Amino acid sequence: MTPVPSHAVRTAAVAPAGGGRRPVPPPLRSLAQGLAGAVVGAASARAAYAVLTLPERACAPAGTGAQGATGTAPGDPRAEGTAGAPGADVPSAWLRRNFRGRVVTLQEGPALASGVCAASLLVPGPAPRVRAASALAAAGAAAFGAYDDLSGNGQARGLRGHLAALARGEVTTGLVKMVGIGATGVAAASLLRRGPVDTLVDGALIAAGANLVNLFDLRPGRAAKFALLAAAPALASPAAPLLGPVVGACSALLPDELAERSMLGDAGANALGAALGAAAVAQAPRPVRLALFGAVAALTLASEVTSFSRVIDRVPALRRLDQWGRSPVRRTAAGGAEDDGRAGAPGEGRPVGRCA
């Protein structure tokens, strides 16, 4: 018998089974799946946005649109309060005034949620129940957020405000939204088939994430930038297939929001936060999920006693990131932003009207 050279034995020991190609490393596979989800999410969100804003564009008189009803150029003082959304001069239940007083469309929120849900269901990689959990979390948050967008009056703000209203016997739309998102969060978590304690904790993390992102949605692009910063670094992790849809949908609609043609509203911001929470719930081990829930809860409680806008405005790096891509904010004599309150926040202004 002819002896086999030792180098041939070593080569055979490291060759892939069956003589095929080496398997793709898990980080690269996750990255590819995440990028696929981003592409689907971006395409779906843009398509949904085009369809949802079609009635507003159809009702707008010729010559209006991104430059507003006055026909003035962006930045002209005469355009303040009118520039922005497609058909900004046409009353609609989905039109609001943003913090600067410009009329924008809320349809970005449902469009973004549609993109995230579609991509979550179609992205390669996750098990069917994981896809369903992510889509259910985002869809439920978007639905209850849209309810608050269209029916809320903005008189009660924050957890403390809603609980104070409940103590007076008043059930606010914000409280209904919180309970509804909590219920859909638990329903989404139950699809992962864990124990009852894990299911409750996971549902709470999804709901808390939805609320946290909504707290950042006080300036154009802020909530979307927060979501991108949270999701993009993890595109090579096992959670990438569920985070890719968030990255793609945000990136596709962010330019319109920065140009102050649209805003996320509660529907979009809540959907973003719920999708981020669902990704963490599906892939992170229990200690990480508990740590994330603690961090999100701490930030939520901090928002009850301080303004995120004031904190961001006082930190130069955060202020530059917050203002990147959008029109400069006028400064007050005291050196602060022109408006640090909740006035004009998504879902809290009254509808401009209805398109006849």
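Only a predicted model underlies this, so the values are computations on that prediction, with no experimental measurement involved.
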Asks: So, Asp202 and Arg289, do they make that salt bridge, N to O below 4.0 Å?
Replies: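 Counted as a salt bridge, because a side-chain N and a carboxylate O are separated by less than 4.0 Å.
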
Asks: Classify the side-chain pair Thr173/Asp148 by whether it contains a donor and acceptor separated by less than 3.5 Å.
Replies: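 Present: a donor and an acceptor within the cut-off.
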
Asks: What pair of heavy atoms forms the shortest contact from Gly34 to Leu235, and how long is it?
Replies: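 The answer is CA-CD2, 4.4 Å.
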
Asks: Between Lys177 and Asn214, is the side-chain contact (heavy atoms from CB on, under 4.5 Å) condition met? List the steps.
Replies: CA-CA 12 Å; Lys177 181 187 73 172; Asn214 193 40; 3.4 Å; yes

Asks: Same cluster or not: are Val246 and Val40 linked, directly or through other Ile, Leu, Val, Met, Phe, Trp or Tyr residues, by side-chain heavy atoms under 4.5 angstrom apart?
Replies: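 Per the 4.5 Å side-chain linkage, Val246 and Val40 are not co-clustered.
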
Asks: Look at the side-chain heavy atoms of Ile, Leu, Val, Met, Phe, Trp and Tyr, link any pair under 4.5 Å apart, and say whether Leu276 and Val201 land in one connected group.
Replies: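 As far as the 4.5 Å side-chain criterion goes, Val201 and Leu276 are not connected within one cluster.
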
Asks: First locate atom OG of Ser114, then atom OH of Tyr49, and finally report the distance between them rounded to the nearest 0.5 Å.
Replies: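 Interatomic distance, Ser114 OG to Tyr49 OH, rounded to 0.5 Å: 13.5 Å.
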
Asks: For residues Val104 and Trp94: do they belong to one hydrophobic cluster (side chain heavy atoms under 4.5 Å, members Ile, Leu, Val, Met, Phe, Trp, Tyr)?
Replies: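 They do share one cluster, since a chain of ILVMFWY contacts under 4.5 Å joins Val104 to Trp94.
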
Asks: Would Asp256 and Arg46 pass as an ion pair if we require N to O under 4.0 Å?
Replies: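 Yes.
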
Asks: Could you walk me through whether Thr199 and Leu192 pass the side-chain contact (heavy atoms from CB on, under 4.5 Å) check?
Replies: CA-CA 8 Å; Thr199 297; Leu192 301 178; over 6 Å; no

Asks: Quick one, Leu205 with Leu292, criterion side-chain contact (heavy atoms from CB on, under 4.5 Å). Give me CA distance, side-chain angles, the key distance, then yes/no.
Replies: CA-CA 8 Å; Leu205 177 55; Leu292 287 173; 4.2 Å; yes

Asks: If I compare all heavy atoms of Gly268 with all of Leu112, which pair ends up nearest, and what's the gap?
Replies: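 Taking every non-hydrogen atom into account, O-CD2, 4.1 Å.
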
Asks: Minimum heavy-atom separation for Ala189 to Ile206, with atom names?
Replies: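 Closest heavy-atom pair between Ala189 and Ile206: N-CD1, 4.4 Å.
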
Asks: Within this structure, what is the CZ-CD1 distance for the pair Phe216 and Ile312, rounded to the nearest 0.5 Å?
Replies: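 One gets 6.0 Å once the value is rounded to the nearest 0.5 Å.
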
Asks: Could you list the donor-acceptor pairs under 3.5 angstrom formed between side-chain atoms of residues 130-145 and any protein atom two or more places apart in sequence or on another chain?
Replies:
unit_1, atom_1, unit_2, atom_2, d
Arg131, NE, Pro126, O, 3.1
Arg131, NH1, Leu121, O, 3.3
Arg131, NH1, Val123, O, 2.2
Arg131, NH2, Val123, O, 3.2
Arg131, NH2, Pro126, O, 3.3
Ser134, OG, Ser120, OG, 3.4

Asks: Taking the side chain as C-beta and beyond, is there a heavy-atom pair between Leu229 and Leu321 under 4.5 Å?
Replies: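 With C-beta onward as the side chain, the pair touches.
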
Asks: About how many Å separate CG of Leu243 and OG of Ser237, when rounded to the nearest 0.5 Å?
Replies: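 The CG atom of Leu243 is 6.0 Å from OG of Ser237, to the nearest 0.5 Å.
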
Asks: Kindly work out whether a path of hydrophobic side-chain contacts (I/L/V/M/F/W/Y, heavy atoms less than 4.5 Å apart) joins Val186 to Val281.
Replies: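 No: no chain of side-chain contacts under 4.5 Å links Val186 to Val281.
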
Asks: Grab the two heavy atoms, one from Ala252 and one from Pro255, that are nearest each other, plus how far apart they are.
Replies: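 Answer, listing the atom of Ala252 first, then Pro255: O-CD, 3.8 Å.
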
Asks: Using 0.5 Å steps for rounding, measure from the CD atom of Glu257 to the SG atom of Cys250.
Replies: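 That separation rounds to 8.5 Å.
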
Asks: What are the two closest non-hydrogen atoms of Leu299 and Phe308, and how far apart are they?
Replies: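 In terms of heavy atoms, the two residues are closest at O-CZ, 3.5 Å.
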
Asks: In terms of hydrophobic clustering (I, L, V, M, F, W, Y; side-chain heavy atoms under 4.5 Å; direct or indirect links), are Leu228 and Leu258 co-clustered?
Replies: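 In one cluster with Leu228: Leu258, yes.
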
Asks: Looking only at non-hydrogen atoms, find the nearest pair between Ala210 and Asn270 and report the distance.
Replies: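 Nearest pair, atom of Ala210 first, then Asn270: O-ND2, 2.9 Å.
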
Asks: Hey, could you give me the CG/CG distance between Leu218 and Asp322, rounded to the nearest 0.5 Å?
Replies: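 Answer rounded to 0.5 Å: 9.5 Å.
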
Asks: CG/Leu253 to CE/Met263 distance, rounded to the nearest 0.5 angstrom?
Replies: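 One gets 14.0 Å once the value is rounded to the nearest 0.5 Å.
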
Asks: Check whether any side-chain heavy atom of Val311 sits under 4.5 Å from a side-chain heavy atom of Thr306, and report yes or no.
Replies: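 Counting from C-beta outward, Val311 and Thr306 do come under 4.5 Å.
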
Asks: State plainly whether the residues Arg222 and Asp217 are in salt-bridge range, i.e. N to O under 4.0 Å.
Replies: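 So Arg222 does not pair with Asp217 through a salt bridge.
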
Asks: Among Arg97, Arg96, Glu260, which one satisfies side-chain contact (heavy atoms from CB on, under 4.5 Å) with Arg102?
Replies: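 Single side-chain contact (heavy atoms from CB on, under 4.5 Å) partner of Arg102 among Arg97, Arg96, Glu260: Glu260.
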
Asks: When you measure from the side chain of Ser44 to the backbone N and O of Gly41, does any donor-acceptor pair fall under 3.5 Å?
Replies: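 The answer is no, because no donor-acceptor pair under 3.5 Å joins these two groups.
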
Asks: Given the rule in the side-chain contact (heavy atoms from CB on, under 4.5 Å) test, do Arg100 and Arg326 qualify, once you have shown the distances and angles that lead to the verdict?
Replies: CA-CA 12 Å; Arg100 214 193 301 265; Arg326 62 182 175 92; 4.2 Å; yes

